[in-house]
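Computed from heavy atoms alone, side chains included, the values below leave out hydrogens, waters and symmetry copies. Residue numbers start from 1 in every chain, and the chains themselves are labelled A, B, ... in the order their sequence lines are given, proteins ahead of strands. Worth saying up front: this structure is predicted, and the values here are computed from it rather than measured.
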Amino acid sequence: MEYKDYKVWKIEVKNSIAWVTIDNPPVNLINASFIEDMERFFNQVKEDDDVKVIVFQSADPEIFISHFDVTELTEFPEEAGPKPTELGLWKKYFMEFRTLPKVTIAKIEGIVGGGGNEFCLSLDMRFGAIGKAVFSQTEAAVGIIPGGGGTHWLTRLMGRSRALEAMLGLMPFSAKMAERYGWINRALPADKIGQFVEILANSIAYVSAETIAIIKKSVVVAEEMTRNEGLLEEGHLFAIAAGLGDSKGRMNQALETGLQSREMELGPKRRLEEMKKLLGDIF
Amino acid sequence: MEYKDYKVWKIEVKNSIAWVTIDNPPVNLINASFIEDMERFFNQVKEDDDVKVIVFQSADPEIFISHFDVTELTEFPEEAGPKPTELGLWKKYFMEFRTLPKVTIAKIEGIVGGGGNEFCLSLDMRFGAIGKAVFSQTEAAVGIIPGGGGTHWLTRLMGRSRALEAMLGLMPFSAKMAERYGWINRALPADKIGQFVEILANSIAYVSAETIAIIKKSVVVAEEMTRNEGLLEEGHLFAIAAGLGDSKGRMNQALETGLQSREMELGPKRRLEEMKKLLGDIF
Amino acid sequence: MEYKDYKVWKIEVKNSIAWVTIDNPPVNLINASFIEDMERFFNQVKEDDDVKVIVFQSADPEIFISHFDVTELTEFPEEAGPKPTELGLWKKYFMEFRTLPKVTIAKIEGIVGGGGNEFCLSLDMRFGAIGKAVFSQTEAAVGIIPGGGGTHWLTRLMGRSRALEAMLGLMPFSAKMAERYGWINRALPADKIGQFVEILANSIAYVSAETIAIIKKSVVVAEEMTRNEGLLEEGHLFAIAAGLGDSKGRMNQALETGLQSREMELGPKRRLEEMKKLLGDIF
């Protein structure tokens, strides 16, 4: 599938990974063009069986995504109207990213704030470059709230205490602090984040599309069902995954090439050491 | 509003911030005077539109709050009676702090244990001074349990594994370890915590009272509703916040003074560097 | 009670602590013998009033538990059948460990993966030796999913973003990284983990069996009930604990020996310093 003629997103697919570069000068604002590209991309990629992983990055070395265009927010009616019964377009897509049977990753190497941060929170994983990434969720300064899921996702990710500090304290967070608060998966040295995300994306792309879909589904289940229901559903999903011809092939091949031998079972330790050699002492 | 003639709390309000100093020698025990002041303060401050932020600190340099007066706990009947249908006075106030449309902060620079720790857990944010703050939740040593919300809040904050260790291991936690477990928002150098909390409290006080109330409400919603319901409610709260005259004024002023220009959008990075210059490498 | 003639587990009880050493060469695989011992042990220990704490460790210095025997997984039918209505034997025991009125601890000093990691996740607490413990949840590489509760427990422990990375990224995690992700309670120096776990287990064993049971129950309640219901139940459990003759005895003894005096209330700080002296700067 070709991803052509996007306005402010550039999309390149290789080895089952879609690399999406956000390029909306001067500040990577979320404006009509950004949202148009997001919708178009979502609707295209969800039908694209060749894509298992989507990595978002920025063409701007200082700004990942600034925020939602505030000029569009000043026109809200004074009376709020009734509580909506359906999610607005913007948040609807965020929820769909969440259940998309592909893995979405933000590689954050600059400032990200407001709706840009909410966009990142809706993705599966977030990594931040030490010394370059800066996280900001400061809508409160201009009277509004993070209304694109921010109050919700931050609270679920980091708990009420840290989420309230993040949203009301009006302070920027470094990548290291963001990791400590659970805002991002981890902070990585700026000269290693690219290599790390490339290794990670390729590892995920090694997993079959069916298994990726089943694991994402089981995680959504774990978040939403009671413990007992979730574990029963997980058992069912396990049986589906184990019954796949591809899974049987992978298991048999692993057994034939030494799985369960001591040599092979010491593999994770060797792999950890190899990654340290490659990326430095970041594990 | 004046806060006078409290028994063991001293209250000073400036710039929309109420600074509450707990001064109940010899060990800042939670006794009848403490609870009387707590009730009185809560009922007074909730009507005080001039207060947006409440910071709790201790007059004792070594002890923040010790714990609930144990002499009052030895008289419990042997038969527990039926399960209560309403929260007891002490816990009722904790729950009301939680939904109070003002931000509550604990600046912890000494030992805090038992019911004192539960008091802190009921507040919106907790900060601990490295080398001075010590956290302890060791009721189990004398046969009882953290019954002022401790089993509940610790489990929600840090998960079952760390909460069980904290409550059954009978070990003290340093500020650094408390941060790693999610017990507090963050650990700060003892000579910087005062300045940090002052900056934070003033930042929050810059936010309008309405927006503070709406964000706290949306966080409570995120904790209690399903994801979809929570996101719908957040959308409604956003519309309310965006419709406020004050919000429109703040947004328009921000746009007029450069919001969405590159210069302005690089602000969070500059602010992070300024804070590092002021407070040291703690971000 | 005697724990004799186990096949691959060795069990020694002293001071109310059962030390279980897993010894199933060559790679501590979870096979029929492992599961037989687990069932037998669970059914024996749950009737043993002399045991308050169970610590799991490995006889193999490089491997804690490798994983579930994959040869048994290649025979799954292609059609998954209907969703189960009861938890399978393996997961049923995990859930029973969770509510067992005793504390379970994993002292992890080697590689742990797949079902072995799920076994650890079902326990109350996990500690990892720095430089020796390696955590791996990489079923996805062979097409299957962590079906022994892994998708569920990892998501609840570390949130969806880190859980997805852990399960789909196919990367090993060091003890330090595992702590940062919330996978384990804490990472400890390899030469201190034994002493730390011994102190912790003995501290827990100092607590009365009734109080341990009540605290575990209140934590389960905190995880499963709404906040208000959980707090009401906690109040009820507190009344039960405070009414116990043993609790009254412990409280009165503490008061007689100085509780609520300044000298005694500074105890947590002294204890923290003693532990630092004993175990190094790990608190």
Q: Kindly say whether B/F68 contributes a backbone atom to a donor-acceptor pair with the side chain of B/N31 at under 3.5 angstrom?
A: no

**Q.** Any pair counted as ring-ring contact (aromatic ring centres under 6.0 Å, His included), so long as it reaches residues 207-232 of chain C, sequence neighbours left out
**A.** none

Q. Heavy-atom distance under 4.5 Å to chain C: side chain of B/F94, backbone, both or neither?
A. neither

Q | Side chains of C/E229 and C/T226, donor plus acceptor under 3.5 Å | A | yes

Q: Answer yes or no: is there a donor N or O on one side and an acceptor on the other, between the side chain of B/K91 and the main chain of C/L231, under 3.5 Å?
A: yes

Q: Return the option, out of C/E179, C/M275, C/R126, with the maximum number of heavy-atom pairs under 4.5 Å with chain B.
A: C/E179

Q. With only heavy atoms counted, which part of B/M158 is less than 4.5 Å from chain C, the side chain, the backbone, both or neither?
A. neither

Q. How far apart are the C-alpha atoms of B/E39 and B/F34, what are their side-chain angles, what is the distance that settles it, and do they pass the side-chain contact (heavy atoms from CB on, under 4.5 Å) test?
A. CA-CA 9 Å; B/E39 284 189 63; B/F34 184 106; over 6 Å; no

Q. Does B/K132 reach the main-chain N or O of B/E62 with its side chain, forming a donor-acceptor pair under 3.5 Å?
A. no

**Q.** Part of B/T151 lying under 4.5 Å from any heavy atom of chain C
**A.** both

Q. What part of B/R160 lies closer than 4.5 angstrom to a heavy atom of chain C: side chain, backbone, both or neither?
A. both

Q | Most contacts with chain B, counted as non-hydrogen pairs under 4.5 angstrom, among C/G245, C/S247, C/S208 | A | C/S247

Q: Go through B/G88, B/S66, B/P26, B/P84 and name the one with the most non-hydrogen pairs under 4.5 angstrom from chain C.
A: B/P84

Q.
Is B/E224 in contact with chain C via its backbone, its side chain, both, or neither, using a 4.5 Å heavy-atom distance?
A. side chain

(Q) Shorter than 4.5 Å, heavy atoms on both sides: which option in C/I204, C/L232, C/L272, C/V219 has the most such pairs with chain B? (A) C/L232

(Q) If we define contacts as heavy-atom pairs under 4.5 Å, which of B/P25, B/A141, B/G182, B/G148 has the most with chain C? (A) B/A141

Q: Indicate whether the side chain of B/H67 and that of B/E139 have a donor and an acceptor atom separated by less than 3.5 Å.
A: no

Q) Among residues 108-123 of chain B, which ones touch chain C with a heavy-atom distance under 4.5 Å? A) B/I111

Q | Name of the residue among C/L278, C/L200, C/L188 meeting side-chain contact (heavy atoms from CB on, under 4.5 Å) with C/Q195 | A | C/L278

Q: State, without any angle test, whether B/Y93 and B/N43 hold a side-chain donor-acceptor pair at a distance under 3.5 Å.
A: yes

Q) Using non-hydrogen atoms only, which part of B/L29 is less than 4.5 Å away from chain C: side chain, backbone, both, or neither? A) side chain

Q: Indicate the ring-plane relationship of C/F173 and C/W183, choosing parallel, tilted or perpendicular according to the 30° and 60° boundaries.
A: tilted

Q | chain C contact via B/T85 - which portion, at a heavy-atom distance below 4.5 Å | A | backbone

Q. Does NZ in B/K176 sit with more than 12 non-hydrogen atoms of other residues, nucleotides or ligands closer than 6.0 Å?
A. no

Q.
Under a 3.5 Å cutoff, is there a donor and acceptor pairing between the side chains of B/S218 and B/E234?
A. no

Q) Would you call the rings of B/F76 and C/F238 parallel, tilted or perpendicular, where under 30° means parallel and over 60° means perpendicular? A) perpendicular

Q) So which part of B/V134 gets closer than 4.5 Å to some heavy atom of chain C, the side chain, the backbone, both or neither? A) side chain

**Q.** Choice from B/G150, B/A163, B/G149 maximising heavy atom contacts with chain C below 4.5 Å
**A.** B/G149

Q: Please flag which part of C/K216 lies under 4.5 Å from any non-hydrogen atom of chain B: side chain, backbone, both or neither.
A: both

Q: Measure distances from B/E79 to the heavy atoms of chain C and classify the residue's part below 4.5 Å as side chain, backbone, both or neither.
A: neither

Q: Indicate whether any N or O donor in one side chain lies under 3.5 Å from an N or O acceptor in the other, for B/N28 and B/S58.
A: yes

Q | chain B contacts, top residue of C/E210, C/R180, C/M251, C/R186 (heavy-atom pairs, under 4.5 Å) | A | C/R186

